[in-house]
Amino acid sequence: MAEKLKEIIESMIFISVEPLTPEKMKEVLQDVPEQDVAQAVQDLVGAYAASEGAIRIIQTAGGYVFSTKPEFDPYVRRLLQIERKSKLSHQALETLSAIAYHQPVTLPEISAIRVCDSTYALHSLLEKKLIKIVGRKEAPGRPLLYRTTDKFLVYFGLNSLEDLPKEEELKKLMEEENA
Amino acid sequence: MAEKLKEIIESMIFISVEPLTPEKMKEVLQDVPEQDVAQAVQDLVGAYAASEGAIRIIQTAGGYVFSTKPEFDPYVRRLLQIERKSKLSHQALETLSAIAYHQPVTLPEISAIRVCDSTYALHSLLEKKLIKIVGRKEAPGRPLLYRTTDKFLVYFGLNSLEDLPKEEELKKLMEEENA
Amino acid sequence: MDAEQSYQVRLEIFEGPLDLLLFLIKKKKIDIQDIPIALITREYLDYLSRKDRINLDREAEFLLMAALLIYIKSQMLLPREQLLVPEEEPRKELTDRLMDYQTIKAVVQVLREKEDEQMQVWKRSALTSPLPDEDLDLIEVSLFDLAESFFTMMKRRQGQDIKVIKGKEVTMAEKMNEIVNVLKERHYLDFLEYLGQQETLEEALIAFFCLLELIKARLVIAIQEQLFHTIKVWLRKEAHGKATHG
């Protein structure tokens, strides 16, 4: 094991979500002398620091963790922003499902269905053009009515709203889970 | 930027939760010629493959992602205190195979191929997000159609559905089996 | 039966009728393109008669295949004026299905190997990112997620609504009569389903106690087939007359 000690520690730091502490390392590498582990960690950190690569190992919160070098921050940020935009959050998904099954529907109605204020989620769905405003409801305050768009159909690979799974179909599948 | 291209891509792959696709790279690196990006990716993957380190970059689901090398599996599991990753049941795997080779496909079709009711297996695959609903079949009862997901590719370390063994390869396997 | 065969048999847990058929075909060294139906049918039925060797949960599927085999056999015994073209051969569909299933079995093998490989490889799923990741929690959104999200939400809502106690007054006697009448009409009652149909929590509770009373009075019989499964309630036969006046 000794000759691979540096790499073993590398794999452990890589996979840890929290900074990997020397105590944790010790738990896994029980038979390895403490000073050997300490030396291997130092070698590893040094090797990454000396390399030309974009990642390094930093010591923080009493442990070790991989991080990108600061100079790559702009690219990382740009990437994360793009990834963020292209995904639906749980909030958005729940709001979208409420609209899909109840359309046309108003914001207060959606919030009532979800038992949760849905203003933010609604805006993000409008921005993504998955829903649209189709008019106002003849009700006190004349709230705006929302419907799903054609983009919604394309996003979920539907031909029409008729294609949405029916309650019975879903129920059958969900019951299997509890069986 | 050019001289740091390899490292920029490295930082992006490192930070990306899902396999980083060339399209995503392009979105961030708008002005960089496509072939330069492709070359840098190849250099980067090669450099990691050649290194002694514990991590490498693998190509899966049409993108790139960091992973540990298989030999460090015992240490990672000890660290995470995981006995073994749980495998798919035979039922689920057989159903998944039928879907992979016949997609898009309906539940009755899958059950017919297996001569075995596949509702339960289908649900567990949906829950694991290894398959997804992609629409309805234009047939009596308009049954839902299923397809494998990107997570399916990642799970089996495939880059695309093209990577699934071809008919001839399977035939060879079957002959060996019957020999 | 020799020792080797019994050993083999114990190892086999057939995944379905096709799996069993393929096993028999291999054992008898039969050409899949030219299956002697009479022989394979006999072998297959032989296996079924030793039921402990197949997965009993899917007995119906195994029996269905037996019926299909017998059907093919009878078709082949019918006198014909001319030879059938290969496509009309009743064995053709069976061969096709078996071939198809054989492919799937090979795929399973390949995927299992790949799964084994991937089991030893670790990727990072959670990362510390400089941006708040509240919007990053969904990796893949399918139509199923959308629909499931909706129906789960509705279920959650239903759970809340039942806490609202409405004004309707129901007595134990009324409820008991209602239950007995339902049982007479439908012969049995799904316990959970019935409770779920009650308009208010109060009414559901009354129904629950009524059922307990009826069970205690031995007017009805309640059976839970499996742990955590629903309970079914039947009217006892001897109770039919008595319960009318309930």
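In the text below, chain A, chain B and the rest are named by the order of the sequence lines, each starting its count at 1.
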Inset, instruction - Check whether any side-chain heavy atom of B:Pro22 sits under 4.5 Å from a side-chain heavy atom of B:Val37, and report yes or no. - result: no
Inset, instruction - Under 4.5 Å heavy-atom distance to chain B, tell me which part of A:Leu44 shows up: side chain, backbone, both or neither. - result: neither
Inset, instruction - With a 4.5 angstrom heavy-atom cut-off, could you sort out which part of B:Leu20 is near chain A: side chain, backbone, both or neither? - result: side chain
Legend entry - For chain B, which residues of residues 137-151 of chain A have heavy atoms nearer than 4.5 angstrom: none
Inset, instruction - Kindly compute the distance separating OG (A:Ser11) from CD1 (A:Ile8), expressed to the nearest 0.5 Å. - result: 7.0 Å
Legend entry - Any B:Glu109 side-chain heavy atom under 4.5 Å of B:His102 side chain: no
Inset, instruction - Hey, could you give me the CD/OG1 distance between A:Glu27 and A:Thr21, rounded to the nearest 0.5 Å? - result: 7.5 Å
Inset, instruction - Could you tell me which portion of B:Ser124 (side chain, backbone, both or neither) has an atom closer than 4.5 angstrom to a non-hydrogen atom of chain A? - result: neither
Inset, instruction - Could you check if a side-chain atom of A:Glu162 sits within less than 4.5 angstrom of a side-chain atom of B:Arg136, using non-hydrogen atoms only? - result: no
Inset, instruction - Check whether any side-chain heavy atom of A:Ser118 lies under 4.5 Å from a side-chain heavy atom of A:Leu107, and answer yes or no. - result: yes
Legend entry - side-chain contact (heavy atoms from CB on, under 4.5 Å) between B:Glu10 and B:Phe66, intermediate numbers included: CA-CA 9 Å; B:Glu10 187 184 6; B:Phe66 271 103; 4.1 Å; yes
Inset, instruction - Select all residues of residues 50-60 of chain B having any heavy atom within less than 4.5 Å of some heavy atom of chain A, and report them by number, or 'none'. - result: B:Glu52, B:Gly53, B:Ala54, B:Ile55
Legend entry - B:Lys87, NZ atom: more than 12 neighbouring heavy atoms under 6.0 Å: yes
Legend entry - A:Glu71, CD: over 12 other non-hydrogen atoms inside 6.0 angstrom: yes
Inset, instruction - Nearest 0.5 Å please: distance from the CD1 atom of A:Ile99 over to the CG atom of A:Leu125. - result: 5.5 Å
Inset, instruction - List the steps, then state whether side-chain contact (heavy atoms from CB on, under 4.5 Å) holds for B:Phe152 with B:Leu158. - result: CA-CA 8 Å; B:Phe152 161 81; B:Leu158 300 165; 4.1 Å; yes
